[in-house]
Structure formats: C-alpha cells, structure tokens
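Quick note: residue numbers are just sequence positions, from 1. Everything quoted here is computed from the prediction, not taken from an experiment.
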Amino acid sequence: MIPDISTGNSIRPLLAYLYGPGRREEHEDPHLVAAWNRHGAPDPGRDPGATVGRLAARLDQHARLREAELGTMPPSRVWHCSLRAAPEDRLLTDGQWAQVAHRIVRATGLAPERRAGCRWVAVRHSVHHIHIAAVSVRPDGSRPAMHRDQVRAQAECRAIEAEWGLRPVSQGPRATTSYPTTAEIIKAEQQGWAEPSRVWLQQRMRRALGEAATVDDYATALVADGVQLRWRTDDSGTRIGYSLARPGDTGTGGQLLYFAAGRLDSALTLPRLRDLLPTAAAHQPIAATSGP
C-alpha cells in the first residue's frame, strides 16, 4: 500500500477533481467511505442533495474562522493523501478502506485520538485506492503537528500490510502511478483543462503503449498525440530514459514542465518498455524526437 502526500491552498478544486469523471479506469462511483464526522460530511457522490461546494465549506469551516480572526487564511492548509493497494491484493471493502483512512489520519497527527482533530474525508473512486482530503486547522484555530507525515503514513501502511496479509511494498518490483498534487489540480482548473498535466500525460502513455509494437512506435505515438518527448542519453548517445511535457504547461520561467517517465508510471520507464517492446537499435538519433 502506497501513500502519496501533497499540500495546497484550496480544498474545493481538490474535491471537484476527486468527485469528477477522472481519467480512463478511474473515478468510478466516487463516494465517501469515511470522514471526521459522517453525519456532518455531505457526500456529493451518493446524496442527491449534497454538492462539492457544501462539502468544501464544511471542511474549511475552522480555517474560515481563523481567517476572520487573523485577516489571512492559514497557508498550505489543504492536506491530500492518496492511498493505493497493489493490483494483486484482494479488493478491500468500503469498511476496510474506512479503517485505513482512520489509521492514517491518526498516525500522521491530522486527527489524533486524544485531541480534537482536523476535518477530513476519504473518497473512494476506484476499487484499488482512496484519497484523503483534509483542512489542517483544528477547531481552536491551531495547526496540527504533522512533521514527517509521509514517513508516518508509510510506517502505518507497512503495519496494515503485515496485519491484513497485503503485498509489502518493499518486496519485489512493482509499478506505481503517481497522482496530481493539489497545486497541479488547481492549475488545471485555472487553465480550463479537463485534467491535470500529470493525468493527461499518463493517459497518453497508456494509449501509446496500446498502439505500439516497438519502442520507436511508442515514441511516435506519443508525439502524434501531442506530447513533447525528450530523451535522456549517456555519454555515448545511448538512450537511458525519457521525460514528457504537455504543450502549454510552463513554469515561472516560461519553460515547459517535463515529468520523468518513472515519476508518472514506473511500469513505463525506458528499461521496462524495452522488456515489453522490442527496440530497433540501441542508438537513436535525438533529432527525431519532439520538444526542446
């Protein structure tokens, strides 16, 4: 089980993404499996009268009160943790995922047992994973002590794996797919994109793989689908990796933002691609690729 944690400054875009259609084979039947208070957390996925806006307002309530006192909103208040089980693990029920969520928010300090915790929800929109979305402001306006939250979450996941007989992350090669950060989700909304760049690129990687008979075919399909492709080479000119960018997705300096393939999907690194697909030659001309 893999936890992936990020922070941000707005809860509503994150919830809109979690309850939205998502990408292929994702975001099916989005619904709450756990929350700080199930009676106080409206579920836009299952309750016809609930909305993302209402849920966001409930989660943000303590932060808004703090803003009224201080004149400014607490920074980086949105806490987002995606939790994914291995594909070969047995399917966990909503009740079991709820137990996982409660254990993670306790372990990270977001909602400890002996002190009033922060407001949070756990949304399930796929059979193998959930997302925990929270606002890290307590009822009294203080912030929780969440230093080393990633390490704590990982330790709790290792314990859950051992107790429940799930596949340990540390044993054997496994493929992992990263999820967009809260900042990436907000950026996509501001740009009017249907999905964040990370998801957009992952979609095209899988589509290209389905169309390819060779590594060259894979690269050609990516470029034809609008992806900016950049190879990484060693001193002899041999390709040893690649990174991808979405046209129009730039950083503060105006340069395209490239994602290393392994950070998008560890099953589609160049070494793994070569195991899946034959390659025409060990040395490839860099001029044949797209992107700077």
> Step by step, would you call W36 with H102 a ring-ring contact (aromatic ring centres under 6.0 Å, His included)?
Replying inline: CA-CA 9 Å; W36 86 95; H102 279 280; over 10 Å; no
> Can you check side-chain hydrogen bond (donor to acceptor under 3.5 Å, both in side chains) on D149 and W79, steps first, answer last?
Replying inline: CA-CA 10 Å; D149 54 348; W79 188 85; 2.9 Å; yes
> Between V100 and I160, is a side-chain contact (heavy atoms from CB on, under 4.5 Å) present by the stated rule, with each step listed?
Replying inline: CA-CA 8 Å; V100 170; I160 293 170; 4.1 Å; yes
> Are L55 and T51 close enough, and set up right, to give a side-chain contact (heavy atoms from CB on, under 4.5 Å), and what steps lead you there?
Replying inline: CA-CA 6 Å; L55 180 57; T51 65; over 6 Å; no
> Between D140 and H62, does a side-chain hydrogen bond (donor to acceptor under 3.5 Å, both in side chains) hold up when you go through it step by step?
Replying inline: CA-CA 8 Å; D140 62 3; H62 299 144; over 6 Å; no
>> E184 vs K187, test: salt bridge (Lys or Arg N to Asp or Glu O under 4.0 Å). Steps then yes/no.
In response: CA-CA 5 Å; E184 291 169 358; K187 182 178 184 179; over 6 Å; no
>> As a quick check of understanding, evaluate side-chain contact (heavy atoms from CB on, under 4.5 Å) for I132 and L83, giving each step before the final call.
In response: CA-CA 8 Å; I132 302 174; L83 292 153; 3.8 Å; yes
>> Assess the residue pair S136 and L110 against the criterion (side-chain contact (heavy atoms from CB on, under 4.5 Å)); give the C-alpha distance rounded to whole Å, side-chain angles, the decisive distance to 0.1 Å, and a yes or no.
In response: CA-CA 7 Å; S136 59; L110 187 76; 4.2 Å; yes
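Remark: L222 CG to R204 CZ distance equals 10.0 Å, nearest 0.5 Å. Note that the CZ atom of R272 and the CG atom of L270 stand 12.5 Å from one another [nearest 0.5 Å]. The distance from the CZ atom of R274 to the OG1 atom of T214 is 11.5 Å, given to the nearest 0.5 Å. With rounding to the nearest 0.5 Å, the separation of CG in L264 from CG in L201 is 5.5 Å. The OG atom of S82 sits 9.5 Å away from atom CD1 of I130, with the distance rounded to the nearest 0.5 Å. Interatomic distance, T181 OG1 to H80 NE2, rounded to the nearest 0.5 Å: 9.0 Å.
Remark: side-chain polar atoms of E156 are not paired, donor with acceptor, to backbone N or O of A153 under 3.5 angstrom. Remark: the backbone N or O of P44 is not paired with any side-chain donor or acceptor of R54 at under 3.5 angstrom. Between the side chain of T108 and the main chain of I104, a donor-acceptor pair closer than 3.5 Å is present. With hydrogens and angles disregarded, no donor-acceptor distance shorter than 3.5 Å links the side chain of S142 to the backbone of R138.
With salt bridges taken as basic N to acidic carboxylate O contacts below 4.0 Å, one links D265 and R206. For the pair R158 and E163, the salt-bridge criterion is not met [side-chain N within less than 4.0 Å of a carboxylate O]. Under 4.0 Å is where a charged nitrogen must lie from a carboxylate oxygen, and between D29 and R124 no such pair does. A salt bridge does not link D60 with R119: every distance from a Lys NZ or Arg NE/NH1/NH2 to an Asp or Glu carboxylate oxygen is 4.0 Å or more.
Across every non-hydrogen atom of P144 and G109, the tightest pair is CB-O, 3.5 Å. Here the closest non-hydrogen pair linking V135 and A63 is CG1-CB, 3.9 Å. The two residues V78 and N9 have their closest heavy-atom pair at CG2-C, 3.9 Å. Here the closest heavy-atom approach between residue L32 and residue V123 is recorded as CD2-CG2, 3.9 Å. Shown here for P3 and Q154, the closest heavy-atom pair between the two residues is CG-CG, 3.7 Å. Between G45 and Y19, the shortest heavy-atom contact is N-CE2, 3.3 Å.
Residues W200 and D225 are not in side-chain contact: their nearest non-hydrogen atoms beyond the backbone lie 4.5 Å or more apart. Taking 4.5 Å as the limit, every side-chain heavy atom of T250 sits out of range of all side-chain heavy atoms of L257. Using a 4.5 Å heavy-atom threshold, the side chains of Y17 and V199 count as touching. T7 places none of its side-chain heavy atoms less than 4.5 Å from the side chain of R77. Using a 4.5 Å heavy-atom threshold, the side chains of L268 and Y242 count as touching. At least one side-chain heavy atom of R90 sits under 4.5 Å from a side-chain heavy atom of W164. At least one side-chain heavy atom of S197 sits less than 4.5 Å from a side-chain heavy atom of F259. You'll find the side chain of R58 reaches within 4.5 Å of the side chain of P42, heavy atoms only.
A side-chain donor-acceptor contact under 3.5 Å links D94 and H31. A donor and an acceptor atom, one from each side chain of H131 and H125, are located under 3.5 Å apart. For S236 and D234, the side-chain atoms include at least one donor-acceptor pair closer than 3.5 Å.
No path of Ile, Leu, Val, Met, Phe, Trp and Tyr side chains, each step under 4.5 Å between heavy atoms, connects I186 with L15, placing them in separate hydrophobic clusters.
Shown here is R103, whose CZ atom has more than 12 heavy atoms of other residues, nucleotides or ligands within 6.0 Å. The environment of CZ in R148 is sparse: at most 12 heavy-atom neighbours from other residues, nucleotides or ligands sit within 6.0 Å.
In summary, of the residues considered (P196, S10, P13, S6), a side chain to side chain contact (heavy atoms under 4.5 Å, CB included) with T182 occurs for S6 alone.
For R246 and W193, the positive end sits near the middle of the six-membered ring, less than 6.0 Å away and at most 45° from its axis.
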